Amino acid sequence: MRIEILRGRVVDPVARTDRVEPVYVADGSIVAVGAAPAGFRAERTIEASGLVVAPGLIDLNARLREPGLEHKATLDSELKAAIAGGVTRLACPPDTDPPLDEPGLVEMLTRRARHANRAHVHPVGALTLGLQGTTLTEMGELADAGCVAYSQGDAPLPDAQVMLRAMQYAATFRHRVWLRPQDPSLARGGVAHEGEMSTRLGLPAVPSCAESVALATILALARETGVRVHLQRLSTAEGVAMVRDAKRAGLAVTCEVAAHHLHLCDVDIGWFDAQARFDPPLRGTRDRAALRAGLADGTIDVVSSDHAPVDDDAKLVPFGEAEPGATGLELLLSLTLKWAAEEHVSLPDAIARVTSAPAAILGVAAGRIAVGAVADLCVFDPASHWRVERNALASQGKNTPFLGLELPGRVRWTLVGGQVVHEA
Amino acid sequence: MNAGRNPQLGPDGRLVHLLTLEGLPAATILSILDAAEPFASFGEREVKKVPLLRGKAVFNLFFENSTRTRTTFEIAAKRLSADVINLNIGASSTSKGETLLDTIDNLVAMNADMFVVRHSQSGAPHLIASHLLATGRSHVHVVNAGDGRHAHPTQGLLDLYTIRHYKRDFRALSVAVVGDVLHSRVARSLIHGLATLGTPDVRVIGPRTLIPARVEGMGVRVFHDMRAGLADCDVIVMLRLQNERMKGALLPSAGEYFKHYGLTDGKLALAKSDAIVMHPGPMNRGIEIDSPVADGERSVILPQVTFGIAVRMAVMSMVAGN
């Protein structure tokens, strides 16, 4: 299919350019930007006047709930949600049932994802068997099956010796390790950020030091082993400062923040709103400010959706019993744009946080608009607002604390591999 | 669904449910205390009943065991001529496989008029009230009988009632709350109530392991030295220390706790000479309070129990009275 996208504001996060020019797509790739190739005859024209033409979004943390958790969501429903949100490529954590700890499961998942023919799916394999934190998985076999990195999902890795060994082994073969810094013993039993709000509501708390203690261990072991570590879902001001120092000292570490942590804090729990239950919890206003600044100054490389579709029943329980997480694939673009507008970050810089930066961490050639690049594109209206409502979400999970809010940025077309897979 | 507004006040500001003392206007709190006054001497009457809740079905819904609180609610409801149904559902809403809200829907279908709810999870009564509001059944009322560490508003009210009974003016008092503030819904409710009624000096006293983070944000001063904390105060509220917390990572032993934070005659002498001693019960003698103090002339622990029934009658008749 030959497609021309005309009069759009083309934003390339790699060249950091932002100008109105046409884009020409053929055979799954971008064949020209600016002037049409000689003899190019479009089969389809997308009129993008007033719209932004950006690379498709890349989300490093989106749960698809398959296999095993289909009552929460399915590959089909969540890949529809992805393209509705302009996400053309995503990494899914291994916390399925069973976890992604053996090649057969990973092959099945990638095959089914390919068959769905929507967003590209990159499974993150389990670092340890069954995410039990004791025995390493066959990372080599899992890599051959398509895994791009290894993580514990949300399961703890309480044994620092196992962490050290896992990093040494992964470093041997240049595998990537993705970890969420949270000390399981310090976080034990906690359901909200330790502070004035948890004290007022009488909610068992997760102190900020649960993150900094874990982070200190991870950074020390990463330094020791030289493994490529990516830190997932940083939540505290202390954590941001530690990562900033580590990067300054030359450690090859990358880091992400979940989109909801850029906008919400513990006060948003209100009167025990289970939609505001997250792990790590929504932190204080000081933490939120540090995360926003850290994302702006490059300490934090990436915004992820931390997409976690949860069935209604799992949220219609007292706050402390509610399952953490929110649906997020369809909010990633809007929440990133909102942050950028509020922090006066340029559009190319903002788009980079959800395209070229995650592409670099995944190690894939994607996340840019240039001749020869794969035609995974997101065409969106930056001026249009939409209201987050249950029936506006394609995801099977309708759980989000942003329900009822108006957010900027409406996705109009999503292209994957040069095909229009979503239009609205 | 239950984030924005506290569902306990109706659009007209009337008390629909009693979930917490936080955010209740002073006038509402005082009107409850006033309404309790005539009930306080009620127990001495020959006929201990009024028809304020006649024909109403009150369900005591205890997801966490409590004999004492349940009994006082039962007595209060019966004195108001309500039909009382006691349900002890055990430790957790999920243990029977039925969700909390399914349980509620079933009992509403049995024409319940009021739920008196105790639950181990903070916020459970809010969830129930929000659910009733969202499903258009605001004629069914919820009274929080203690949720997790969050609130125990009728205990807070009976504590306020007791303080007013002995001390009259909240705006000239120093009140010390001593012990396990971290886990205490009693402390939280009392602190909110005292703040709303203008008490200028509220202190919490305990070791760092039992004082919650940033509790100063609730308008209290923190003391770790009990002697300094008790100096010149008018009211001392001793909190119960749960057995399972006496020996472990929070405290080394009951004996050492008593040494630092047990109320003895010697420590009581540091307070004002007319200071009163309160305790929500059940007491651990020799752990948080010495027997001579508990049984002494400044102890108002037993009057608290009597006032508790009056306050619960006032609350129930206000939210659901004919």
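These values consider heavy atoms only, across backbone and side chains, with no hydrogens, waters or symmetry-generated copies. Small disclaimer: the values here were computed from a predicted structure and weren't measured. Lettering of chains follows the sequences in order, A, B, ..., and the numbering in each one begins at 1.
Interface remark: A:Pro401 contributes no atoms to any contact with chain B (heavy atom separation under 4.5 Å). With a 4.5 angstrom heavy-atom cutoff, B:Arg185 does not touch chain A via any of its atoms.
The most heavy-atom pairs under 4.5 Å with chain A, out of B:Gly217, B:Ser184, B:Ser122, come from B:Ser122. Highest contact tally toward chain A, considering only B:His150, B:Met218, B:Glu216, is held by B:His150 [criterion: heavy-atom pairs under 4.5 Å].
In terms of heavy atoms, B:Tyr257 sits closest to B:Gly179 at OH-CA, 3.0 Å.
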**OP:** For the pair A:Val240 and A:Leu234, evaluate side chain to side chain contact (heavy atoms under 4.5 Å, CB included) and give the outcome as yes or no after the intermediate values.
**Re:** CA-CA 7 Å; A:Val240 174; A:Leu234 216 62; 4.0 Å; yes
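In the displayed structure, A:Arg244 atom CZ is contacted under 6.0 Å by more than 12 heavy atoms of other residues, nucleotides or ligands.
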N/O donor to acceptor pairs below 3.5 angstrom from side-chain atoms of residues 11-21 of chain B, sequence neighbours left out:
residue, atom, partner, partner atom, Å
B:Asp12, OD1, B:Arg14, N, 3.1
B:His17, ND1, B:Val142, N, 2.9
B:Thr20, OG1, B:Glu22, N, 3.0

